[in-house]
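Read the structure below first, then the notes.
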Amino acid sequence: MAIEDQDWQAEQDRVNDVTAKINSKIRVLEQQVGESRGDVVGMRKDFWDEVSINFSEQDDVGETSTSLRQQSQVLSELELSHRRSSLTLDKLRRLSSSPYFGRIDFKEKDGGPTDRIYLGIGSFLDENEEDFLIYDWRAPVSSLYYDGAPGPASYRTPVGSIEGDMELKRQFVIRDANIKVLFDTGVTIGDELLQQVLSHTADNQMKNIVATIQKEQNSVIRNDRSRMLIVQGAAGSGKTSAALQRVAYLLYRYRESLRADQMVLFSPNSMFNSYVSTVLPELGEENMLQTTFQAYLEVRIGHEFDLEDIFSQMEYLLAWSEDDGHPVRVQGIRYKSSAEYFKAIRRYADLLLHEGMSFRAVRFQGREIVSRQQMLDQFYSYDPAVKLGNRIELLREWLLKEVNDFGRRERKEPWVEEQIQTLSTDDYHRAYTMMRRKQKNKSVSFDDFQLEAEMAARMVVNNWLKPLRKWVKRLRFIDLSGLYRRLFTDEQLFTRVNGDTLPAGWHEFGPQTVSRMQKGELAYEDATPYLYLKEHLQGFRSNTSIKHMIVDEVQDYSPFQLEFMKRLFPRARMTALGDLNQAIYSHNSVFDEEEPLLELYGKENTELIRLTRSYRSTYEIVDFTRQMIPGGEHIVPFNRRGDKPVVSLYNDREEMHQEIVRNIHHLQQQGYQYTAIICKTESECTEAYEALKDQITMRKMTKNTPIFEKGTIIIPAYLAKGVEFDAVILYDASRDRYNREAERKLFYTACTRAMHLLYLYAIEEPTPLIQDVNPESYVLQDYRD
């Protein structure tokens, strides 16, 4: 709805007034932040001058400890205050340029004046700290803006529902304190504003979407009822953006009991972590913990094996061959990723309570201190009611005692005397000190050479046994690798733990598993099961401080992995974001349907929200891509028009390369700053890069690339998921490159990365994956003879 000039000017006058007050507050806060920074720096510099240090007497040690603790507490409080003030200052600086984006006029049902409510990325009060000049977008009343329409409306608060009438709903685009766009709107955030936001070019980092949150996205953001929230969203539906705004909302809603470091995001790769790293700071919140599941596996078991990652597994499987064990391994991957295997490992751990444990003998210089049989006898002598992890702890303590007893016996051995003769003066001094400490308050001669020799022998033996004690303390006496390998060598054992059945292909993929482990390698599909068994034996390292975990691209996790994560964070709520049509690792037996996700925490504790409207791409690109997948007709494209995708056919690769070069130069001249050449695999990326690097300035992205940067990039399809580009070039979308049904979702994922322009290049024939797409949905350019 058009706005009268008088109303426009009145709104601009208010912007001027509010920004003046914000700038005044900024000046005051800048001085306070500067002073607090000086206090922190000064206290760090003079920290030790303020602490009384005295270790001469026991009372002095306690006084020193108290002094250190008090000084550290004061410094910590100063640093916390400075950090909070800095965050507030950053938020005010953003508000000074664009103080708010929406206005609603709301009159409560019981009467009273109409409230004019202006919404921004943060709240701002007047000089008296009484009235809100700007409401935080996360405030309960702000939900009216996202969900309501002019007319009867209500919103929920912690104390109940507030009913009334919304008399006006207005949207702004304000830049540098000047209103650029202003209009009144109806039910949802107006298409005018969305058109403007979505027509912009891509960026190297995801931006917050608080000004354009749609009703269905708001239902994701403000959901705080369910233990498990599943967001099934089409490509470009804003599910990841909504999840990050959800984090900001939860930090606001539960600010007295929830901190950013009590939330963790599992993202698909490290580059994606960089891509989303600015969203929360833009909203005045600290970033949550961010990691990948692979990084967690590396920390826990990366020192034991050469650990394969999911991308290496993907490269292997995409290089399909019937002759080198691919089909066999695929069978193994599907089974090892299943909930059935999760149950089998759990049954195996229960079985080990009664039989079948495997230990490594404790040896010193080739001599056996404790045999494997002695360890087994001791282990199974414990009360059967004692849990597996607790029995291991008891066995460790027993082994340390056995090692100590062995050490006492060794002190009189000839090798110890030989080692004593090689001791340095400093070593002798330590032995003498030990002797004096041992004989304190006793009458002893200063030339008590016998006692001194005993101390020297004790020191020598202890030093030599130190690595062995460390080996025992780290539970290295458990033959964990042997226990896991046994699952694939002992058919009778596997049948027992797998419900009296053998999975298809066990006789084939079992030897593959054993062979890799004997080489010191652990396949990606074995990593989580191996770690799960290890946790059973060594005690679970659950993290009870995490209250929320967000799992992005959940369709790429196996049921086994999600069961493990549930146990890893036993007190956490889970937000799971995904698109079944982008399950590019479907060979991992991840969810082909939603039922397993619904069962993870139980249907009574789970809520499912579907996002079917796609905002990232133009109408033409969405219409093209949705025809590739089953159920694509349910995806609703946002009505932002653009060019149809282009499918180009060539006689040979050289011709194709020349056209790619011309096209990229044209895109650069048009001002597009983010162009992706998407290949099927990393090896294909390398080939394309070598062929084009002398004609185009570009960067090759790999799984180790830490950040997402501006310019032209070459990237494997599986790394591109989750991010977006102005233009996408599908490198070699030929029949002989994408010819299997199993690659449909990978191909679809690659195509849906494009915001404005999509080009598919093929040699001779295009991929059959687009044969069901209406030819009128794209432009066909045939350059073949």
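Starting from 1, each residue takes its place in the sequence as its number.
Counting only residues at least two apart or on different chains, the ring pair (Phe, Tyr, Trp, His ring centres under 6.0 Å) pairs with a member in residues 730-751 are H657-Y731, Y738-F747. Note on residues 336-346: pairs passing salt bridge (Lys or Arg N to Asp or Glu O under 4.0 Å), not counting sequence neighbours, are K336-D526.
Qualifying ring-ring contact (aromatic ring centres under 6.0 Å, His included) partners for Y249, counting only residues two or more places apart in sequence or in other chains: none. F293 is linked by a ring-ring contact (aromatic ring centres under 6.0 Å, His included) to nothing, counting only residues two or more places apart in sequence or in another chain. Qualifying ring-ring contact (aromatic ring centres under 6.0 Å, His included) partners for Y601, counting only residues two or more places apart in sequence or in other chains: none. With sequence neighbours left out, A527 forms a side-chain contact (heavy atoms from CB on, under 4.5 Å) with L297, I301, L307, L522. Every residue two or more places apart in sequence or in another chain was checked for a ring-ring contact (aromatic ring centres under 6.0 Å, His included) with Y296, and none qualifies. Take Q262 and apply the side-chain hydrogen bond (donor to acceptor under 3.5 Å, both in side chains) test, not counting sequence neighbours, and it matches no residue. Contacts of Y759 classified as side-chain hydrogen bond (donor to acceptor under 3.5 Å, both in side chains), with partners at least two apart in sequence or in another chain: none. Residues that satisfy the side-chain hydrogen bond (donor to acceptor under 3.5 Å, both in side chains) test with T292, not counting sequence neighbours, are absent from this structure. With sequence neighbours excluded, the residues forming a side-chain hydrogen bond (donor to acceptor under 3.5 Å, both in side chains) with R246 are T575, listed by chain and number.
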Please tabulate, one pair per line, all N/O donor-acceptor pairs under 3.5 Å involving side-chain atoms of residues 627-635, not counting sequence neighbours.
from : atom 1 : to   : atom 2 : distance (Å)
Q627 : OE1    : N774 : N      : 2.8
Q627 : NE2    : D623 : O      : 2.9
Q627 : NE2    : S777 : OG     : 2.8

